[in-house]
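Residue numbers run from 1 in the order of the sequence given. Quick caveat: nothing in here was measured; it's all calculated off a predicted structure.
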Amino acid sequence: MKRVLVPARIFLAQRDLAVILVCGLLLGLALSFVVPFYSMFGTIEVGMSNWTFGVFMTITSVAGIFISTILAQWSDTRFSRRAILLLGCACGAAGYASYAHVRNVITLTVIGSVALGISSITFAQLFAYAREAIARHGVSDKEAPLYMNIYRLVFSLAWTVGPAIASWVMVWFSFKGTFLICGGIFFVLLVIVWGFVPALPPTAIAMGPPVSLMKLLVRPDLLCYFCAFVLVFVCMTMGLMDLPLMILKTLHGTEQQIGIAYSLQPVFELPLMALFGVLATKGESPPLIRLGMIIAIAYYALLFFVQAPWEIYPLQILSAAMVAIVSGIAITFFQDYIPNQPGTATNLYTNANRLGSSIGYLSFGTLTSVLGYRSVFLVCSAVCAGAFILLWLTRETHEAAATA
């Protein structure tokens with residue numbers, strides 16, 4: 001507990017570090033209002049088929065990969081991180097407010113590809129700024145995973161209440177209400193960044209020439225980790241879309257039960273993130289990441305067997321452990337590969353997320369049409385097993401490089 005309280009006191013004592021905590025909380029709250037309900041929005045509200053929805057999400061996700069990769073490099077070499085954050089927040093406010101009113105598939109695709117594609121850089125930029133900020137306050141690279149996990153913990157804290165509130169808003173004000181609130185939160189985030197985040201020179205200018213992303217990805221160990229995370233994010237994306245639809249259509253549950261399921265996970269995720277953050281400071285990130293893969297295999301396999309919505313609730317403990325690793329210490333893991341380009345490094349992690357999401361969106365429509373909602377989770381378990389094998393085969397290469 002002391003290991004966690006010391007960073008917490010430092011965060012509260014330094015205004016710039018505290019601002020990042022507030023921004024992380026708001027960003028998590030905004031996304032928690034819409035992300036769990038995307039599949040319901042597309043298939044029920046807009047009227048897309050599962051396959052059409054998968055194509056729609058794939059197009060917008062791929063657009064986000066291209067746009068965010070360019071913006072991430074600019075944030076390290078040309079513009080201040082503050083400027084990129086302001087752009088991301090403004091586009092998020094405009095994009096989600098537009099989603100509240102538009103129901104035409106083509107128009108939604110354009111909005112999702114451009115406005116929300118630009119907005120997708122916000123997460124990576126916020127955590128890149130966080131890594132730079134804690135370094136300015138004397139936090140060593142060894143202690144960085146704990147501090148970054150606390151930031152990720154605050155992001156997850158919003159998910160303890162966000163989906164449940166969003167499901168209530170949806171009942172009374174439909175999807176229009178949830179998207180308008182999400183856009184409003186992005187606007188508040190924009191105001192905070194404008195008023196409290198300083199414009200600092202790009203990191204790579206001060207620390208040396210930038211490293212080509214392609215040169216990094218030819219390293220077998222990093223490429224294997226990148227591919228493994230892509231596979232896991234494929235499963236997380238399919239699971240995120242599949243779970244609410246299985247609750248509604250297979251288990252005959254309600255929107256409120258969906259909100260409860262998604263709100264329970266962060267409750268367990270918070271202490272687990274603190275625990276894994278402490279363990280990661282002891283140089284145990286690679287084994288922890290492999291443990292996360294094993295947990296993912298078990299989680300998705302058990303979801304295949306549930307017979308009632310309430311049976312999903314205790315399984316969210318496994319989901320919390322998986323997310324605490326895959327979405328917590330993994331950020332620092334990638335940042336350590338490119339220490340002088342935190343924007344590019346964090347975006348490498350988020351690009352694994354987006355690439356996995358793109359494949360997941362497209363696969364979701366095909367798999368649900370052929371196998372049904374329940375069997376998707378069995379496929380997810382098998383894919384996570386493939387990710388674990390990939391990490392196991394490359395473990396000696398990575399750990400030898402880490403000690404060299």
Side-chain angles (χ1 to χ4, degrees), residues 7 10-11 14 16-32 35 64-65 68-69 71-76 79-89 92 118-137 139 141 143-159 186 189 192-193 196-198 200 202-204 226 229 233 266 269-270 273-274 276-277 280-281 285 289 323-354:
I10 293 175
F11 286 144
Q14 304 294 334
D16 57 338
L17 300 183
V19 166
I20 305 172
L21 287 176
V22 174
C23 289
L25 182 66
L26 288 173
L27 182 60
L29 186 61
L31 296 179
S32 73
V35 172
I65 291 174
S68 64
T69 299
L71 291 176
Q73 180 139 15
W74 285 358
S75 72
D76 288 327
F79 303 104
S80 70
R81 215 167 294 287
R82 175 180 183 267
I84 303 298
L85 276 170
L86 288 173
L87 177 63
C89 294
I118 295 173
S119 176
S120 66
I121 195 64
T122 308
F123 178 90
Q125 288 300 299
L126 187 62
F127 277 82
Y129 178 80
R131 183 64 184 266
E132 293 173 337
I134 62 175
R136 288 196 299 270
H137 288 280
V139 176
D141 289 341
E143 292 293 316
L146 174 58
Y147 283 75
M148 293 301 294
N149 252 33
I150 292 176
Y151 277 126
R152 188 60 176 76
L153 184 152
V154 172
F155 179 87
S156 299
L157 180 63
W159 284 73
F186 265 95
L189 189 58
I192 293 175
V193 172
F196 297 100
V197 173
L200 300 174
T203 309
F226 179 80
F229 274 93
F233 285 127
E269 191 177 318
L270 302 182
M273 276 198 168
F276 290 131
T281 63
S285 292
I289 291 172
V323 173
I325 295 172
V326 174
S327 299
I329 61 173
I331 296 176
T332 311
F333 179 84
F334 279 96
Q335 287 176 338
D336 288 340
Y337 276 98
I338 326 174
N340 66 325
Q341 294 174 247
T344 298
T346 312
N347 196 61
L348 179 63
Y349 165 82
T350 55
N351 273 351
N353 189 333
R354 294 188 190 99

Heavy-atom closest pair, residues [X] and [Y]:
X: C89; Y: V193; value: SG-CG2, 4.4 Å
X: S119; Y: G92; value: OG-CA, 3.3 Å
X: R81; Y: A128; value: NH1-CB, 3.7 Å
X: Q125; Y: L85; value: CB-CD2, 3.7 Å

To the nearest 0.5 angstrom, please state how far the [atom1] atom of [X] sits from the [atom2] atom of [Y].
X: S80; Y: L86; atom1: OG; atom2: CG; value: 7.5 Å
X: S32; Y: L157; atom1: OG; atom2: CG; value: 10.0 Å
X: L189; Y: F186; atom1: CG; atom2: CZ; value: 7.0 Å
X: N351; Y: F226; atom1: CG; atom2: CZ; value: 6.0 Å

With sequence neighbours excluded, residues passing side-chain contact (heavy atoms from CB on, under 4.5 Å) with A130 |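 For A130, the residues satisfying side-chain contact (heavy atoms from CB on, under 4.5 Å) (neighbours in sequence not counted) are I20, M148, Y151.
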
Would you confirm whether R354, through its side chain, and S120, through its main-chain N or O, come within 3.5 Å as a donor-acceptor pair?
->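 Judged by distance alone, yes, a pair lies under 3.5 Å.
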
Axial cation check for Y129 ring with R136, 6.0 Å and 45° limits |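 Cation-pi check for R136 and Y129: passes.
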
Do any side-chain atoms of residues 21-31 form donor-acceptor pairs under 3.5 angstrom with protein atoms, and if so which ones, sequence neighbours left out?
none

Assert yes or no for the condition that the ring centre distance of F127 to Y349 is strictly below 6.0 Å.
->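 They do not qualify: ring centres at least 6.0 Å apart.
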
